[in-house]
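Reading through the structure tokens given below for one structure.
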Amino acid sequence: MAITTAQSPFRTDPLTGLRIDLTAQALVKTNAVLAVVFLLVGGLAGLLVALTRWPAVHLLPADLFYMALTAHGLVALVVWIVFFEMAVIYFCATSLLNCRLAAPKWAWAQVVLMTVGTAITTVAVLQGESSVMFSAYVPLAAAPHFYLGIILFAVGALIGCFVFWGTLVIAKEEKTYEGSLPLTVYGCMIAVVIAVFTLATGAVILIPAFLWSLGLIKSVDPMMYRVVFWGFGHSSQQINVTAHITIWYTVAGLAFGAKPMSEKVSRTAFLLYICFLQLGSTHHLLSDPGLSASWKIVNTSYMMYLAVLASLIHGLTVPGSIEVAQRRNGLDNGLFEWLRKCPWGNPVFSSTILSIIIFGFIGGISGVVMSVEQINMIIHNTIYVPGHFHGTVAGGTTLAFMGLTYYLVPVLFQRQLILKPLAAIQPWLFGGGMAVFAVALMGAGTLGVPRRHQDMTFAGQALAYDYGGMNQLLMAIGEIGGVISVVGGAAFILIIVGSILMGEPVPANAKCIVAPPADAGGHKKIGMGGFEAPGTFVLALTLFVCLVLYYFVNFKYLATLWPLT
Amino acid sequence: MGYSFTAPDKNWAREPIERTEILWIIIAGSWCLFMFVWMIAWHWIGNQNMNTEAYKTFTDVYAKKTEEFTKQYTVRQDASDPSLPVVAPPPGSDVYIAGSIFQWRPVLELQKGKSYRLHISSLDYVHGFSLQPENINFQAYPGYEQVITVTPNKAGTYGIVCNDYCGLGHHTMLGRIYVKE
Ligand code: HEM
Ligand SMILES: [Cu+2]
């Protein structure tokens, strides 16, 4: 074993003090660059979609709109995010465990398969015969290579998961670290466990759909398709949640020298994810025929909301750990001195904190409310749904990934960031725009505006339904937020690609950029009223009050509707 | 000493939990429990619940049922679209509506305050049944027939919008329900 280690060259990074396996570094860079390229593609498709749903602009005709929407969903949600996640898990498993990467050849196979898969599916979509949305509900048929590309992509991702596992095994055998896994690696491991059964579920349904599109099997039951598809489609969102929460914890350490408030609590919360998160796939099926109420209730609540509890815990402990670190470093006055004196102009921090806020207050509250069995009837398939998940996956996951990227570009590419003033406002543009977009869409959805819809004015239709001026306005405001967000996304890509290509090299004697551990001076007493993180506690209570109020507002509205039994 | 990305202290499992976290777990946990119980309770205390009555069917069988139902209770052709029959079934009866590209048929006329057993299904693809402005939404499948007892509680003209993508004409897919005093 020792001999193989010796063959694999490492370098010690001056900025972080990490020992980095060069093979792993090449793979991390490749995956991350591909991710950013696809974010560009997905973002452009998103812009076209947004400009069409803005009633006054109404850019694309129907066929192009549905094509762009299919492309946007696939490329933004699946391709950008999974490529980036591959970069994250390779980086964490090697650099943080001081270990070489297991099976680099397989890791390259991951890159190739995912790239080829993306190319094949993208071609299928652009050929116009596969405008079926990324969910591709049967019996709506796409061209066979549409499914084939996704399957290849998923196989690639699965290989990436096994390379990660292999690396953990090697690290353990070669004792490259002591004691338990660091929380960050543990979080990645949880994400990978969820990923493995998610991808397996995807195979269970996409392979039959592929065979059906080739005419080899006669039919795929549409309801079975949707049930199993969301076992894949929703669970993959749980991978994203786990991954971006892991990144929150990481950035709290890198930027503030924070350590988790309690390893025990944070790890248990992650464990709850493995046990219960995948039950949430039911969220897509709450307004479907024939599924029993008890099945829906147990699943939609993630077994008595235990996974929601886990998210609420992370939502407190990450900012809480930042608060504790800031207070230990002397910012111990009042409730919020620690927060006021955070580095708001540093994009690593601002991306992360905005991701936490948008994910919690927008994505989180709306998600908990809309996944109530009965409330779902007033939200299902409306534009509220895209409002919700841009709060989770764009404002939450994507923004968290952006923050980490700002940190890792100097580390991995050894280049300094360019356009720093732009970088300072970029998270605010992207996150702020996304917040407006998400909230406005949630408003329009509450008033009934449909998702995946090219013309909410129903021009020329005999039975046209009038959604009214308020909805037109909400959609306009939302899409303006969307455009701002696209500008923020473009700025991100400009800064990152520009830095990689033209940034000043990081000098070999550069200072370490990891904040020193905040508890180095021992445990002095901090906080107020026996709370180490009173400010965070107040913020968490604010979230709690918003959630409770919003929950009952929805029930109050529900109670006025036509009685249904 | 340490970070989230370095190995934790050896005795991490025995470290005490700080008050902020404990209190939050208690508050959040109680709320979670409440939401779980409330969702169950709404089946008794609330009037808006998803019926789970549903049948496996065939698209041609369902098309035929809808056709017969339409013939039996047609009262006129719709003023906005004369090709569409308006069907006024008696209160308490079984009412059939079918989605197909790109229409919800037939147009229904119901009476306020009366209950109907509304059957919903699709004849081809997966469609969305979105009743506006009530904003009540169901998923409709080919081969599955869902039955929901509805009691319109306001008079007026209601639109049915398809809100799940079903093909390039998806945004033209509409239907209508009239509710009379
Ligand atoms: C950059 C700014 C973005 C804008 C302006 C934008 C805009 C939109 C719009 C207008 C829709 C259509 C909603 C509908 O008609 O149903 C949409 C759908 C969607 N977006 Fe985005 N989006 C952005 C970023 C993202 C990101 C970063 C992700 C994922 C990480 C994402 C994932 C999705 C998904 C999955 C859908 C649903 C597609 C479907 O219904 O099949 N978006 N987006
Ligand atoms: Cu339809």
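Keep in mind the model is a prediction, meaning the values are calculated, not measured. Letters go in sequence order (proteins before strands), and every chain restarts at 1.
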Open item on the list: Using heavy-atom distances under 4.5 Å, tell me whether B:Tyr55 contacts chain A through its side chain, its backbone, both, or neither.
Closed with: neither
TODO: With a 4.5 angstrom heavy-atom cut-off, could you sort out which part of A:Ala533 is near chain B: side chain, backbone, both or neither?
DONE: both
Open item on the list: Which atoms of A:Tyr249 are under 4.5 Å from chain B, going by heavy atoms: the side chain, the backbone, both sets, or neither?
Closed with: both
Task: Between A:Thr446, A:Ile297, A:Leu183, A:Leu541, the one whose heavy-atom pairs under 4.5 Å with chain B are most numerous - done: A:Ile297
Open item on the list: As an exercise: rank A:Ser180, A:Gly179, A:Gly320 by heavy-atom pairs under 4.5 Å with chain B and give me the winner.
Closed with: A:Ser180
Open item on the list: Is it the case that the side chain of B:Gln77 and the backbone of B:Val86 share a donor-acceptor pair, with hydrogens and angles ignored and the cut-off at 3.5 Å?
Closed with: no
TODO: Check each atom of A:Leu291 against the heavy atoms of chain B and say whether the ones under 4.5 Å are side chain, backbone, both or neither.
DONE: backbone
Open item on the list: So for A:Val372, is it side chain, backbone, both, or neither that comes closer than 4.5 Å to the heavy atoms of chain B?
Closed with: both
Open item on the list: Is A:Val368 close to chain B through its backbone or its side chain, or both, or neither, when contacts mean heavy atoms under 4.5 Å?
Closed with: side chain
Task: Heavy-atom proximity to chain B below 4.5 Å, by part of A:Tyr467 - done: side chain
TODO: Measure distances from A:Phe531 to the heavy atoms of chain B and classify the residue's part below 4.5 Å as side chain, backbone, both or neither.
DONE: both
Task: A:Phe555 versus chain B, the contacting section by heavy-atom distance below 4.5 Å - done: both
Task: Option in A:Pro222, A:Ser301, A:Gly460 with maximal non-hydrogen atom pairs under 4.5 Å from chain B - done: A:Pro222
Task: Region of A:Ala252 in contact with chain B, defined by heavy-atom distances below 4.5 Å - done: neither
Task: Which portion of A:Ile383 sits near chain B, non-hydrogen atoms under 4.5 angstrom - done: neither
Open item on the list: Is the shortest side-chain heavy-atom distance between B:Leu84 and B:Gln103 below 4.5 Å?
Closed with: yes
- [ ] Under 4.5 Å heavy-atom distance to chain B, tell me which part of A:Tyr557 shows up: side chain, backbone, both or neither.
- [x] side chain
Task: Side chain, backbone, both or neither of A:Leu312 within contact of chain B (heavy atoms, under 4.5 Å) - done: both
